[in-house]
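Every chain is numbered from 1 and lettered A, B, ... according to where its sequence line falls, protein lines coming before strand lines.
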Number of protein chains: 2
Amino acid sequence: MKNITSPTLLLDENICKINIHAMANKAKEHDLDFKPHMKTHQSATIGHWLRDADIEATTVSSVKMAQYFARHGWNDITIAFPCNIRQIDDLNELAANISLTILVNKTDVAKALDKKLQSPVSAYIEIDSGSARSGLPSDDIREIRSVIEVINTSNNITWAGLYSHPGHSYACRSKQQIEAVHHAVIRQFKQLKDELSQSYHDFEVCIGDTPCCSIGDTFGPVDAISPGNFVFYDLMQQQIGSCKFGDIAVAMACPIVDKYESHNQLIIQGGAIHFSKEFMKTNDTTHFGLVAERNDNSWKPVEPYSYVTKLSQEHGVVSCSAKLFQNYDIGDMVTVLPVHSCLTANLMSGYQTIGGEQISMMK
Amino acid sequence: MKNITSPTLLLDENICKINIHAMANKAKEHDLDFKPHMKTHQSATIGHWLRDADIEATTVSSVKMAQYFARHGWNDITIAFPCNIRQIDDLNELAANISLTILVNKTDVAKALDKKLQSPVSAYIEIDSGSARSGLPSDDIREIRSVIEVINTSNNITWAGLYSHPGHSYACRSKQQIEAVHHAVIRQFKQLKDELSQSYHDFEVCIGDTPCCSIGDTFGPVDAISPGNFVFYDLMQQQIGSCKFGDIAVAMACPIVDKYESHNQLIIQGGAIHFSKEFMKTNDTTHFGLVAERNDNSWKPVEPYSYVTKLSQEHGVVSCSAKLFQNYDIGDMVTVLPVHSCLTANLMSGYQTIGGEQISMMK
């Protein structure tokens with residue numbers, strides 16, 4: 001880290017590739033299509049690492065991200081976000097060039113799209129499997145059938161099946177809790193798929209959260225998975241129970257610019273514009289990151305735990321153990337595991353590998 | 001907003017210029033130097049609007065931001081962040097070309113800098129006037145004198161005075177509370193300045209928070225101010241008591257992509273990567289933004305108040321009044337006042353004025 005002068009997002013290429021291959025192998029074992037979500041890393045280079053694991057289809061969260069990955073050679077892209085019909089021109093351009101799948105949750109949206117689409121697209125209907133964000137409830141069979149019917153009578157939309165991000169798995173705090181959420185999601189989709197199979201064929205079920213995809217052991221009615229965060233994992237995933245500390249592939253390196261012994265606080269360049277203001281609570285401490293050090297080819301939390309407890313735009317305050325405080329001087333770097341790697345990566349707009357290589361992201 | 005297809009940060013140029021001239025006039029009335037902080041807008045264009053108000057000196061939060069504004073013609077720049085000595089090469093390059101002021105809070109930092117600086121810089125000592133972030137306590141006269149002494153014996157550093165960001169003003173919830181914080185800060189600096197004036201001359205006191213600079217009525221020992229947020233203000237400043245809703249110069253325009261009547265919820269494209277995850281509490285609602293509409297040349301909250309109550313990476317959930325829910329359809333745009341305009345602007349990386357002009361920011 002000798003040459004690092006400002007906040008830098010370090011990427012352990014080796015751990016990232018292990019995470020990619022572990023999830024790809026799990027998908028193969030369970031006979032699942034694997035369409036990893038790119039929103040976490042937003043990088044063509046990491047996309048190449050996914051290709052190296054024989055992955056050909058991908059998931060993104062915006063039209064802009066679809067355009068970026070289409071430019072970087074991805075031909076099968078799902079935009080896992082309720083279709084923004086104001087972006088019809090961009091959707092038409094994408095659909096003319098790649099195999100595009102979108103989310104359509106309303107009959108009105110299906111009708112509006114059908115009028116304006118100039119090339120064929122596939123469409124999932126999103127199911128709210130418990131996260132209370134977007135999607136139709138899995139027991140609202142009447143509405144789900146209505147949307148399917150409109151799609152099936154459209155000229156340019158093919159119904160692809162059902163999509164869900166079971167985001168309520170983020171409330172879990174153990175493997176057992178994740179398994180319980182996962183099995184409940186599986187049961188919902190089993191019932192819904194059985195019901196719809198009486199009328200329709202050739203549709204698939206795709207689910208996309210990292211906790212369930214990391215921990216789930218049976219996938220029953222699920223045909224495809226699209227987790228994203230697993231490439232890096234983070235403190236939140238470790239707390240949820242999706243991963244171990246040693247699976248976390250990114251860490252922020254921040255210069256220490258000041259220190260105050262009266263409070264055992266290090267002041268770092270590393271603020272809300274680097275970490276994001278995503279926070280979590282560990283025991284009784286609300287924090288934005290955990291101080292770690294490299295050890296045996298991974299980052300390990302420094303004990304006793306020291307956290308980034310305060311963030312303003314450019315400043316971070318690390319509340320230290322007395323031991324840690326003595327070990328670090330102004331001008332040193334401190335390494336911090338992020339609470340939520342997706343938001344940190346989005347802000348940092350690039351990575352530096354352990355080997356010193358620069359990896360760019362979508363701008 | 002007909003041509004807007006994705007989340008867009010709208011800027012009311014007129015309100016922004018009114019905010020700029022109001023603060024510039026206040027500085028003149030109180031005979032204060034005015035060195036506005038650029039971290040909020042990060043834009044050369046808005047910098048020009050500040051120049052139009054006869055402003056020649058500016059404040060930034062990082063070396064990168066100093067480089068950007070130096071490239072855009074600013075010759076007197078203060079980096080209001082504890083000096084990051086790992087960036088000595090960049091500091092030397094800046095100091096060779098512009099009049100550069102930095103913060104030096106420790107004798108060791110002053111010594112390290114003096115060895116490596118190749119051009120003259122000015123240095124403020126940062127005072128922690130109550131925010132408990134960085135800076136020396138105002139009553140630690142011995143340490144403050146030690147740093148001044150090291151600076152005064154250095155070759156390339158000139159002691160400029162005392163700097164403080166009284167960030168504890170952000171805990172205020174009324175003009176009266178802000179006035180109380182402001183007067184306490186003024187008292188601290190009066191005492192400290194009197195004490196130091198026995199030994200030193202020609203140094204100044206600069207303070208930089210938007211609440212105190214907006215509401216403060218007397219400035220006593222203060223010679224210069226460097227607020228930043230005032231160019232845009234935001235919901236947090238309105239809640240603190242620094243501004244009225246009508247003073248807020250930016251709002252997020254977000255496409256509505258889905259809606260669920262059972263919960264009176266609109267789903268918008270507008271998530272943590274657009275707003276930031278900065279939240280606030282209004283009455284009993286924790287939220288990330290407040291729905292507003294244009295009315296009489298400013299944004300006014302729609303009544304009864306409707307908030308963005310949930311954010312994931314790309315999604316926002318607007319919890320509506322039943323009336324608002326009926327007024328908006330999928331494909332419409334909704335306008336949201338941000339909680340913290342600095343972090344939202346940093347994420348959005350550009351503005352669209354009410355007149356439709358695109359304004360770029362530092363990348």
Side-chain angles (χ1 to χ4, degrees), chain A residues 4-6 39-40 61-65 81-90 103 105-106 108-109 112 126 128 132-137 165 167 255 257-260 262-263 265 267 269 271-273 276-279 310 312-315 317 329-331 333 340 342-343 346-347 349 363, chain B residues 4-6 39-40 61-65 81-90 103 105-106 108-109 112 126 128 132-137 165 167 255 257-260 262-263 265 267 269 271-273 276-279 310 312-315 317 329-331 333 340 342-343 346-347 349 363:
Chain A
I4 297 180
T5 61
S6 59
K39 79 180 175 70
T40 302
S61 57
S62 67
V63 165
K64 185 181 166 195
M65 212 180 288
F81 187 83
C83 180
N84 174 0
I85 56 179
R86 295 178 80 97
Q87 295 184 302
I88 187 69
D89 293 344
D90 292 327
L103 303 192
N105 304 339
K106 294 282 189 293
D108 286 353
V109 172
E126 186 181 11
D128 175 0
R133 189 174 66 179
S134 53
L136 299 170
H165 176 75
V257 294
D258 214 342
K259 58 187 295 192
Y260 293 94
S262 54
H263 310 83
Q265 286 182 338
I267 311 301
Q269 188 184 2
I273 63 165
S276 93
K277 289 210 79 163
E278 190 89 87
F279 64 89
K310 198 172 166 186
S312 41
Q313 184 160 342
E314 194 92 29
H315 298 71
V317 175
D329 281 324
I330 293 173
M333 301 294 288
H340 189 173
C342 308
L343 297 188
N346 178 69
L347 279 160
S349 306
K363 293 290 170 202
Chain B
I4 298 180
T5 62
S6 60
K39 78 182 177 67
T40 301
S61 57
S62 66
V63 164
K64 187 181 165 195
M65 211 179 288
F81 186 83
C83 180
N84 174 359
I85 55 179
R86 296 177 79 97
Q87 295 182 301
I88 187 68
D89 293 345
D90 292 327
L103 303 192
N105 303 339
K106 293 282 188 295
D108 285 354
V109 171
E126 187 181 10
D128 175 1
R133 188 173 69 180
S134 51
L136 298 172
H165 176 75
V257 295
D258 213 343
K259 57 188 294 192
Y260 293 93
S262 54
H263 309 83
Q265 285 182 338
I267 312 300
Q269 187 182 3
I273 63 166
S276 93
K277 290 208 81 166
E278 191 88 84
F279 64 89
K310 200 172 163 184
S312 42
Q313 185 160 344
E314 194 93 28
H315 299 71
V317 175
D329 282 325
I330 293 173
M333 301 294 287
H340 189 172
C342 308
L343 297 187
N346 178 69
L347 279 160
S349 305
K363 295 288 170 203

Interface residue of largest heavy-atom contact number with chain A, from B:Lys363, B:His340, B:Gln87, under 4.5 Å: B:Gln87
Point-to-point distance, once rounded to the nearest 0.5 Å, from OG of B:Ser6 to CG of A:Asp90: 8.0 Å
Atom pair CD (B:Gln265) and OG (A:Ser134), whose distance is rounded to the nearest 0.5 Å: 10.0 Å
Pick from B:Ile267, B:Asp329, B:Ile273 with the largest number of heavy-atom pairs that fall under 4.5 Å of chain A: B:Ile273
Set of residues satisfying ring-ring contact (aromatic ring centres under 6.0 Å, His included) with respect to A:Phe279, sequence neighbours excluded: B:Phe279
Structural part of A:Leu347 lying under 4.5 Å from a heavy atom of chain B: side chain
Contact leader toward chain A among B:Lys277, B:His315, B:Lys64, where contacts are heavy-atom pairs under 4.5 Å: B:His315
Atom pair CD (A:Gln269) and CZ (B:Arg86), whose distance is rounded to the nearest 0.5 Å: 11.0 Å
Residue among B:Lys106, B:Glu278, B:Arg133 with most heavy-atom pairs under 4.5 Å to chain A: B:Arg133
Most chain A-contacting option - heavy-atom pairs closer than 4.5 Å, from B:Ile85, B:Asn105, B:Ile88: B:Asn105
Nearest atoms (heavy-atom pairs only) where B:Gly135 meets A:Asp258: N-OD2, 4.2 Å
Chain A contact via B:Ile330 - side chain, backbone, both or neither, heavy atoms under 4.5 Å: both
Region of A:Asn346 that comes under 4.5 Å of a non-hydrogen atom in chain B: side chain
Heavy-atom donor-acceptor pair, B:Lys310 side chain to A:Ala132 backbone, under 3.5 Å: yes
Nearest non-hydrogen partners of B:Gln313 and A:Leu343, listed with the distance: CG-CD2, 4.3 Å
Side chain B:Asn84, main chain A:Thr5, donor-acceptor under 3.5 Å: yes
A:Ser276, part contacting chain B, at a heavy-atom distance under 4.5 Å: neither
